[in-house]
Amino acid sequence: MQHFLSVHDVTNIDTLVNEGLQLKKSPFAHKHLGENKTIGLLFFNQSLRTRLSTQRAAQNLGMNTMVMTVGQDSWGLELEEGVIMDGGNAEHVKEAAAVMGKYCDILAVRAFAGLQDREKDYAELVMTQFKKYAGVPIVNLESATRHPLQSLADCITIEEYKTTARPKVVLTWAPHFKSLPQAVANSFCEWMTRRDVEFVVTYPEGYELNPDYLNNAKVVYNQDEAFAGADFIYAKNWSSYEQYGKVLTKDPSWMITQQKMDLTNNGKFMHCLPVRRNVKVTDEVIDGPQSIVVEQAGNRLWSAQAVLKQILETL
Amino acid sequence: MQHFLSVHDVTNIDTLVNEGLQLKKSPFAHKHLGENKTIGLLFFNQSLRTRLSTQRAAQNLGMNTMVMTVGQDSWGLELEEGVIMDGGNAEHVKEAAAVMGKYCDILAVRAFAGLQDREKDYAELVMTQFKKYAGVPIVNLESATRHPLQSLADCITIEEYKTTARPKVVLTWAPHFKSLPQAVANSFCEWMTRRDVEFVVTYPEGYELNPDYLNNAKVVYNQDEAFAGADFIYAKNWSSYEQYGKVLTKDPSWMITQQKMDLTNNGKFMHCLPVRRNVKVTDEVIDGPQSIVVEQAGNRLWSAQAVLKQILETL
Amino acid sequence: MQHFLSVHDVTNIDTLVNEGLQLKKSPFAHKHLGENKTIGLLFFNQSLRTRLSTQRAAQNLGMNTMVMTVGQDSWGLELEEGVIMDGGNAEHVKEAAAVMGKYCDILAVRAFAGLQDREKDYAELVMTQFKKYAGVPIVNLESATRHPLQSLADCITIEEYKTTARPKVVLTWAPHFKSLPQAVANSFCEWMTRRDVEFVVTYPEGYELNPDYLNNAKVVYNQDEAFAGADFIYAKNWSSYEQYGKVLTKDPSWMITQQKMDLTNNGKFMHCLPVRRNVKVTDEVIDGPQSIVVEQAGNRLWSAQAVLKQILETL
């Protein structure tokens with residue numbers, strides 16, 4: 001694998017999932033791979049799981065790590081081409097990416113959607129520019145429209161916890177008072193529609209996802225109907241794609257409760273975290289026996305390590 | 001040692017002090033212990049000595065390190081159970097601690113007192129929650145009511161510099177214009193009352209410490225009387241415990257001057273740092289031959305390394 | 001080399017330049033040198049290249065690294081001696097430097113000019129105090145008046161790209177709307193006047209540099225005349241030294257354009273970065289075949305590694 005920006009960079013998801021499961025058993029088996037190699041982690045936004053799991057994954061592979069927060073440790077970066085740079089951003093991504101590529105063997109970048117300008121967000125300017133100018137492999141640590149390291153961890157988790165050959169997996173919108181990106185939901189659709197699962201997406205009307213990412217997944221507008229017989233409930237809030245970035249409803253009836261989980265086939269509760277307790281999901285559900293959110297987050301480590309391993313093998 | 005939250009986690013202080021002194025002589029003798037292990041340092045507050053000495057201690061033991069500042073690198077964490085999370089904190093410590101425990105072999109946490117709500121501060125919610133949910137050893141990098149890595153460094157320093165078998169050690173309040181936590185003073189009392197020293201505490205009336213931490217230490221309200229014949233003067237400011245968090249006085253007559261040091265038995269001047277020069281102590285004293293503040297701070301490294309070594313030995 | 005604060009700490013620039021070029025060929029040849037050694041990187045200001053290249057240089061030499069941002073990760077530091085510390089800075093550099101010297105084998109420090117008080121900036125208080133109190137080698141990561149790691153990288157770059165034995169190197173002022181330090185320009189003069197090059201400096205009247213740093217370099221006030229036959233154009237903005245910190249002009253006719261580059265001997269375009277595109281230099285020039293800014297920035301790694309290697313050899 002040369003870059004890891006989305007599912008489209010993955011030749012075989014099965015292989016990558018199995019790689020993750022193998023690394024979970026033998027975390028240090030490939031420590032020679034990263035010798036004398038450094039990964040740079042670049043954050044335009046805050047992070048907890050991604051920041052720590054990617055560092056740990058790199059360390060398990062024998063790599064050195066460097067972490068930098070743009071606009072805090074360094075100044076802001078200009079992304080648009082051809083502009084007169086008399087504003088707040090002191091450096092252009094053309095130079096910044098190229099220079100960081102001189103110091104790092106792999107660059108991993110987080111840059112959330114601004115949720116103001118749909119066209120701009122979906123152009124994925126940060127990832128595109130880094131890929132174009134850095135001259136080294138780029139790893140997506142959650143971009144404007146995708147979070148593929150999360151989706152890979154989700155695939156690993158479903159593989160571990162499934163009890164039938166072809167489980168029913170439900171992605172459900174859940175309420176939140178803030179405007180959140182579509183990245184995790186988009187990515188989950190991109191990956192699940194390529195897995196051997198019965199995949200259903202449910203959300204209130206107005207929360208339709210971009211069709212390029214939804215990838216013809218089955219949509220059911222009735223949450224209860226969607227939950228029926230589900231093996232995995234994957235909850236996530238996102239803001240509207242059509243009325244871009246808008247919070248159209250905070251309808252609490254979409255919150256995941258035990259009553260709703262009881263509609264499932266003793267389904268597992270998943271969420272990418274962080275999660276607002278008693279806003280998106282009740283304490284009862286997330287603290288209950290069906291919740292696997294911590295194990296799911298734990299798999300972020302093996303997801304990142306599988307990706308870095310495959311990239312290191314090409315260097 | 002499984003956790004290091006306070007002196008109560010230590011079976012034998014003498015052993016731990018000697019461990020520190022041994023490591024000071026042979027810093028890299030146990031570098032294999034930390035191989036393939038990662039410590040996560042989590043800061044809810046600023047740090048200089050703790051941040052650097054704990055990292056270095058871990059490196060000396062062959063560990064990898066990851067540092068994260070809560071609310072800056074990541075979002076804020078909710079500590080209370082059962083709340084509807086519609087406020088500023090995006091993630092609950094239940095998930096955060098458990099997830100970080102998946103990525104780190106040891107978690108070290110700094111979280112100061114808020115000094116608004118005594119009951120809340122003394123409940124030590126952050127440490128308690130991390131211990132409860134992380135599933136890995138927790139090290140206290142200064143909590144609301146304690147700073148045990150500092151106290152252990154203080155014990156090591158007194159062991160090095162004492163010239164009599166049973167030295168007189170005086171903890172003295174010193175003036176400061178800001179409201180500071182009781183953590184360092186509390187902790188010093190907890191440790192000194194368990195050491196073979198003549199321990200005296202002196203402060204202006206109203207600055208009584210919590211009796212559970214003071215641990216029946218001898219209190220003398222007259223600073224000059226307390227200083228008489230002292231081998232070690234340990235200066236520290238703290239705000240009132242009774243009128244919680246209040247600055248009751250800034251009386252400059254409590255500042256440590258050479259005149260006061262002359263009352264001692266050529267006593268050594270100690271302070272945990274940072275220290276406000278010419279507010280808590282004169283330049284003359286801290287720059288003079290009786291001051292051992294830099295050596296004391298240097299021992300923070302061996303204190304941290306002794307603790308991490310004992311924890312690593314149980315993993 | 002014991003410290004690296006300026007060109008005055010360098011015995012032989014040629015040797016250091018060749019060291020850098022050798023390390024570029026064999027980055028890991030001296031990995032044993034840094035074993036069990038830790039460098040602390042201390043930032044009073046933001047950084048991108050310096051932060052990452054110095055970390056990577058240390059890693060290539062087998063060192064461990066610790067990075068700290070003053071006033072963010074830690075509190076502010078007081079630099080003046082003898083003051084009553086009742087202001088915003090919680091710790092004096094006397095203690096801070098000495099303590100950090102206990103935890104680090106080398107300390108590298110960035111502290112920009114404040115551009116308010118010329119005498120204070122040119123006294124280089126931060127570097128002076130760290131050198132005085134830390135007790136370990138100090139590396140200048142850009143101080144109030146100098147940026148020697150940049151200048152060394154510039155020397156390495158000119159050595160690589162020169163096509164004649166004694167190239168003509170032109171330092172040209174370029175317009176900027178903000179008040180910027182003289183550090184890079186000062187340093188470049190200090191180094192270039194000690195190299196076997198034809199060195200010319202050009203700037204609008206009022207932008208004269210401090211003569212101690214200019215070091216009798218030839219000054220030409222006509223930019224076109226200066227550019228004639230140049231092999232290297234080194235662009236940089238700085239604020240006035242005479243009217244200290246003032247922006248006297250933003251005259252766009254000083255911006256580097258292709259028309260101006262055409263006056264040179266097919267000269268290479270250099271800039272220390274970050275650079276404001278279409279303010280200091282046109283896209284056409286910086287994106288064109290004469291631009292070597294990325295390669296120049298890449299050499300920051302070998303500059304830092306050469307310096308750290310020479311310091312490690314003395315430890």
Side-chain angles (χ1 to χ4, degrees), chain B residues 24 27-29 31 41 43 45-60 62-65 67-69 72-73 153 175-178 180 250 252 255 271-284 286-287 291 293-302 304-305, chain C residues 32 34-44 55 58-59 62-109 129-130 132-136:
Chain B
K24 191 169 183 172
F28 311 110
K31 217 179 155 180
L41 307 188
F43 289 94
N45 308 93
Q46 293 180 319
S47 171
L48 187 147
R49 267 155 295 282
T50 299
R51 181 184 172 94
L52 297 179
S53 63
T54 312
Q55 280 185 82
R56 180 64 197 251
Q59 291 170 349
N60 284 356
M63 299 188 84
N64 288 311
T65 60
V67 183
M68 195 173 84
T69 304
Q72 175 182 298
D73 298 326
H176 196 297
F177 56 96
K178 287 177 73 178
L180 298 189
K250 303 171 197 170
M255 180 165 67
H271 189 287
C272 64
L273 305 181
V275 66
R276 298 273 182 168
R277 283 168 169 260
N278 304 310
V279 173
K280 288 158 107 179
V281 56
T282 61
D283 280 342
E284 189 185 8
I286 197 170
D287 290 333
S291 171
V293 295
V294 170
E295 292 74 11
Q296 177 188 2
N299 283 333
R300 290 291 308 277
L301 170 48
W302 316 114
Q305 196 169 336
Chain C
H32 60 287
E35 203 189 343
N36 293 336
K37 298 273 189 293
T38 294
I39 186 171
L41 306 188
L42 196 63
F43 289 94
F44 286 76
Q55 280 185 83
Q59 291 170 348
M63 299 188 84
N64 288 311
T65 60
M66 305 197 287
V67 183
M68 195 173 84
T69 304
V70 178
Q72 175 182 298
D73 298 325
S74 76
W75 36 82
L77 298 183
E78 177 61 49
L79 299 168
E80 305 287 345
E81 310 244 352
V83 296
I84 297 171
M85 286 177 58
D86 54 4
N89 293 321
E91 181 155 8
H92 200 281
V93 69
K94 276 194 188 187
E95 279 79 60
V99 168
M100 287 187 263
K102 295 279 184 191
Y103 307 147
C104 300
D105 300 283
I106 300 175
L107 275 174
V109 184
Q129 296 286 57
F130 268 89
K132 190 170 171 188
Y133 293 115
V136 296

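We use all heavy atoms of the structure for the numbers below, so side chains are in, but hydrogens, waters and symmetry mates are not. All chains are named by letter (A, B, ...) in the order of the sequence lines, taking the proteins before the strands, and each is independently numbered beginning at 1. Everything numeric in this text was worked out from a predicted model, so none of it was measured.
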Please classify the contact of [X] with chain B as side chain, backbone, both or neither, using a heavy-atom distance under 4.5 Å.
{"X": "C/V70", "answer": "neither"}
{"X": "C/T65", "answer": "backbone"}
{"X": "C/E78", "answer": "neither"}

Main chain of [Y], side chain of [X]: is a donor-acceptor contact present, judged purely on distance under 3.5 Å?
{"X": "B/R276", "Y": "C/I84", "value": "no"}
{"X": "C/H92", "Y": "C/G82", "value": "no"}
{"X": "C/E35", "Y": "C/G62", "value": "no"}
{"X": "B/Q46", "Y": "C/Q72", "value": "yes"}

Measuring only between side-chain heavy atoms, which start at C-beta, is [X] closer than 4.5 Å to [Y]?
{"X": "C/K102", "Y": "B/L301", "answer": "no"}
{"X": "C/L77", "Y": "C/N89", "answer": "no"}
{"X": "C/C104", "Y": "C/M66", "answer": "yes"}

Leading residue by heavy atom contact count with chain C [cutoff under 4.5 Å; candidates [options]]:
{"options": "B/V279, B/L52, B/V294, B/D283", "answer": "B/L52"}
{"options": "B/K280, B/Q55, B/K178", "answer": "B/Q55"}
{"options": "B/A57, B/S47, B/P27", "answer": "B/S47"}

Less than 4.5 Å to any heavy atom of chain C: does that hold for the side chain of [X], its backbone, both, or neither?
{"X": "B/S53", "answer": "both"}
{"X": "B/D287", "answer": "side chain"}
{"X": "B/K31", "answer": "side chain"}
{"X": "B/F43", "answer": "neither"}
{"X": "B/Q296", "answer": "neither"}

_Listed partners of B/T50 passing side chain to side chain donor-acceptor pair (under 3.5 Å), at least two apart_ = B/R110, B/R300
